[in-house]
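What follows is a single structure, written as structure tokens, with notes after it.
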Amino acid sequence: MVKWFKLLKFIIKTRISPGMLAILLIIIIYAIFTGIGMSSSGIKINTKVPQYYAVIYATFFLVFSSFSGGLAILKSDRDYLFLLPINKRQLIVTLFIAQIIILGSSIIAFLGFYLPFLGLNAWEAVTSFALFILFVTSLSTYVGDLPTGRKAIISAFLGAWGISPLLSFPYSPTAIFFGYPLSGIFILVPSTAVTMIFSNKKIANIGIEYFKTVNKGSSVGFKGNISFAGHKGIKALYYFNINYLTIAGRSGGIGYNVRYFSGRVKITKILLAISIVSAVYAFITIKYLSTNANLVSLLTSIFVVSFIYSFMQTSIANERPWLAFTSIDPGSFLIHLSISKAISSIIILLPLVISDAIIGLVVSRAGPSPISQVTLLIAMPSILIISNYVATRYSLIPQIREEGVLPGQMRIKQFFFAIPMYIIFAVIGISAFSFFGGLVSSGILCLIAVIMLTNKRIWRKAAYSMIDHGYV
Amino acid sequence: MKTSEDAVSLSDVVKLYGNFVALKGISFRIPDGGKYALLGPNGAGKSTTLKLIAGLLKPDKGIVRVYGYDPANDLETKKIIGYLPEDATPYRNLSVRENLEYIAALRGIENAADRALEIMDALKLRDYERAKVAKLSRGNIQKLALALAIIHRPRLLLLDEPLNYLDIPTQEEVISMLSKIGNSMLVSTHIMAVAGRLTDNIIMISRGTLIWQGTFAKLKGMSSEGEPIEKVVARLMTDGQVV
């Protein structure tokens with residue numbers, strides 16, 4: 001038992017830094033004591049805003065943990081830990097328990113903030129959180145290893161199921177956060193049992209070789225060849241980064257059960273997929289959700305922004321300074337890389353903006369939704385540029401040198417990677433109430449981005465900082 | 001001595017990482033066409049020295065020049081320098097051929113596709129041209145990295161453990177290819193046999209300080225009868241004797 005506890009402690013310590021652990025513990029303690037304080041004082045909260053946030057965050061966990069999940073494996077695990085004479089079954093179970101603890105602590109850290117405002121009593125809070133953590137962990141373990149197509153379908157279903165309480169559907173795993181504790185627990189018990197059975201079956205049958213060949217399912221070569229004929233210098237950078245979206249890094253955005261990976265998708269494929277989804281979104285909203293069109297637009301914008309931000313901003317982890325910075329000026333490279341990302345984001349988001357415009361014209365006859373216009377077309381590209389600078393200058397994202405494994409411990413500064421996303425959420429919130437306010441806040445972000453782009457020196461400093469922080 | 005005629009010159013270079021002093025006022029020069037090995041124990045500052053010369057880092061004090069240019073500020077050095085770091089990984093989301101074409105295009109090389117084919121043939125990478133980098137063996141990744149470092153025919157090659165992961169026949173091919181190029185070269189390595197095959201001169205650093213500089217012949221002259229050259233190097237590094 002002592003030996004097993006030591007192994008568990010080792011696995012947790014190698015995945016999360018003491019500073020990060022301390023921050024999580026502080027938030028957990030805050031949630032518990034505020035909850036106790038509020039329930040003993042009998043204070044009632046009359047706003048549903050915390051509940052909306054809790055459902056949205058819980059849905060993020062469901063979607064991202066399943067789409068980019070799997071057991072968190074370090075390169076050193078593969079190279080050393082798995083070669084030690086430790087019982088294989090014990091090792092895998094320990095990894096799973098460590099994952100429950102680590103992912104659980106991050107769920108409590110993110111959702112615990114809202115716990116005192118959710119109106120749950122003590123047993124409801126404990127039961128629902130425990131079940132939700134088990135559900136998300138087992139989902140991530142099982143779904144995370146499925147082929148991408150299946151993962152995408154399951155994640156999309158989970159996304160819709162996750163936000164359904166906001167549309168008064170009480171039978172959802174996130175219903176516990178929106179005033180439906182009993183139906184939420186009622187649905188969580190069988191759902192957790194089923195996913196636990198699947199994930200346990202998977203863990204029991206898994207070979208240690210699995211960890212050594214996490215990419216064994218993917219093909220050896222690319223189907224098509226990207227030709228750079230006719231594109232020289234910076235043009236080659238724009239050609240590649242606008243036509244192909246590099247998806248790399250810690251795509252989960254929240255939690256620690258994420259895999260590091262790098263890949264590319266042709267922008268036309270993404271555009272086609274987003275066009276279809278946007279058309280379906282417009283149809284459903286006009287036909288069935290017209291009375292809640294503004295709320296649907298707000299939630300859709302939040303989801304799309306977080307999804308695109310997570311995927312696009314982690315691509316810096318796939319950069320190679322030894323090639324890029326020795327080919328052209330490092331400052332210029334980062335500036336043009338940031339601009340190309342901003343352009344890609346506008347291209348990708350255009351179908352959604354058009355759908356929102358149609359919804360606005362048909363439903364309220366008031367014209368395009370201000371949330372879409374200002375946040376998706378002005379604020380989002382601007383924040384991508386700003387956050388690209390911050391991420392490189394302060395090395396918030398570790399470089400991916402090997403896929404399928406975590407490149408190191410999760411550290412406090414990686415928390416800051418999410419901050420620009422919250423700025424966008426704030427702009428979305430402002431836009432929902434005031435078009436002018438949204439326009440001004442988006443304009444400020446745009447101005448900051450433009451000022452940054454005109455100063456090559458700061459980008460050069462960011463480039464040197466990347467090298468200083470271990471980028472090769 | 002005209003500094004501009006030297007391939008590399010470092011003058012009293014200091015480099016700090018936070019409070020840690022990686023290089024403590026290091027100075028040396030490599031003449032045009034000179035082939036030098038950079039030796040030193042782990043943590044001596046070899047990789048930092050190469051990064052400074054490649055323009056990937058800026059010195060906190062002192063002057064670094066490559067053919068008279070400041071590698072951190074003069075874009076001309078991008079054409080002159082070919083840099084291969086240790087354990088280099090190319091872009092993982094591109095194939096072998098795409099990596100070569102992309103970097104050739106980024107560097108503004110005319111007929112990037114032709115140059116990519118030429119270098120793939122030279123390093124026997126044609127069989128893997130469409131392969132994802134993530135799926136290549138470590139040896140083939142090293143060959144691709146080497147190809148990327150020399151694709152623009154640089155005048156100065158900065159190589160950090162260039163023969164790592166290569167099988168013996170490939171090592172011989174690479175040694176032969178690098179010897180024919182005739183460029184100036186600074187090779188960081190722990191393996192004396194590699195240093196001996198690729199270079200004629202040695203720069204030895206330890207704890208961020210230059211401790212010895214000379215030719216291979218001079219180094220061999222320091223060994224007693226039957227003593228391997230590695231023992232002489234180890235003695236110099238341990239003693240930390242400063243030139």
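Here the side chains of B:Glu101 and A:Asn225 are in contact, with some heavy-atom distance below 4.5 Å. Between A:Leu323 and B:Tyr102 there is no side-chain heavy-atom pair separated by less than 4.5 Å. Side-chain contact between A:Glu319 and B:Tyr91 is present, with at least one heavy-atom pair separated by less than 4.5 Å. Residues A:Phe222 and B:Lys132 have side chains in contact (heavy-atom distance under 4.5 Å, counting atoms from C-beta outward). Annotation: side chain of A:Arg460 is not in contact with side chain of B:Lys58 (no heavy-atom distance under 4.5 Å).
In terms of heavy atoms, B:Ala105 sits closest to A:Phe228 at CB-CB, 3.9 Å.
Heavy atoms of A:Phe333 lying under 4.5 Å from chain B belong exclusively to its side chain. Neither the backbone nor the side chain of B:Lys79 comes within less than 4.5 Å of any heavy atom of chain A. Of the two parts of B:Ala72, the backbone and the side chain both hold a non-hydrogen atom closer than 4.5 Å to a non-hydrogen atom of chain A. In this structure, the portions of B:Asn73 lying under 4.5 Å from any heavy atom of chain A include both its backbone and its side chain. Of the atoms belonging to B:Ala145, heavy atoms from both backbone and side chain fall under 4.5 Å from chain A. Contact annotation for A:Phe240: only side-chain heavy atoms (C-beta onward) come within less than 4.5 Å of a heavy atom of chain B.
Ranked by heavy-atom pairs shorter than 4.5 Å toward chain B, the options A:Asp468, A:Val472, A:Thr326 are led by A:Thr326. With chain A as the partner, the residue from B:Arg97, B:His152, B:Glu129 showing the most heavy-atom pairs under 4.5 Å is B:Arg97. Here B:Pro90 is the residue among B:Ala131, B:Ala113, B:Pro90, B:Gly55 with the most heavy-atom pairs under 4.5 Å with chain A.
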Query raised in the report: Could you walk me through whether A:Trp322 and B:Asp160 pass the side-chain contact (heavy atoms from CB on, under 4.5 Å) check?
Result: CA-CA 12 Å; A:Trp322 75 276; B:Asp160 203 343; over 6 Å; no
Would B:Leu94 and A:Ile226 count as a side-chain contact (heavy atoms from CB on, under 4.5 Å) here? Give the steps.
CA-CA 8 Å; B:Leu94 295 176; A:Ile226 305 173; 4.0 Å; yes
Report task. Show your working on side-chain contact (heavy atoms from CB on, under 4.5 Å) between A:Lys232 and B:Arg107 and close with a plain yes or no. Result -> CA-CA 7 Å; A:Lys232 273 167 65 177; B:Arg107 285 186 172 281; over 6 Å; no
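Summarising the local packing, OH of B:Tyr128 is surrounded by 12 or fewer heavy atoms from other residues, nucleotides or ligands at distances under 6.0 Å. The number of heavy-atom neighbours closer than 6.0 Å to CZ of B:Arg207, taken from other residues, nucleotides and ligands shown, is 12 or below. Within a 6.0 Å sphere centred on OH of B:Tyr69, other residues, nucleotides and ligands contribute 12 heavy atoms or fewer.
Rounding to the nearest 0.5 Å places CG of A:Asp329 at 5.0 Å from CG of B:Leu75. Atom CD1 of A:Ile467 sits about 4.5 Å away from atom CG of B:Leu56, to the nearest 0.5 Å. With rounding to the nearest 0.5 Å, the separation of CD1 in A:Ile328 from NZ in B:Lys78 is 9.0 Å. If you take OG on A:Ser327 and OH on B:Tyr83, they are separated by 13.0 Å, rounding to the nearest 0.5 Å.
Side chain to side chain, B:Asn99 and A:Arg320 fail the donor-acceptor criterion of an N or O pair below 3.5 Å.
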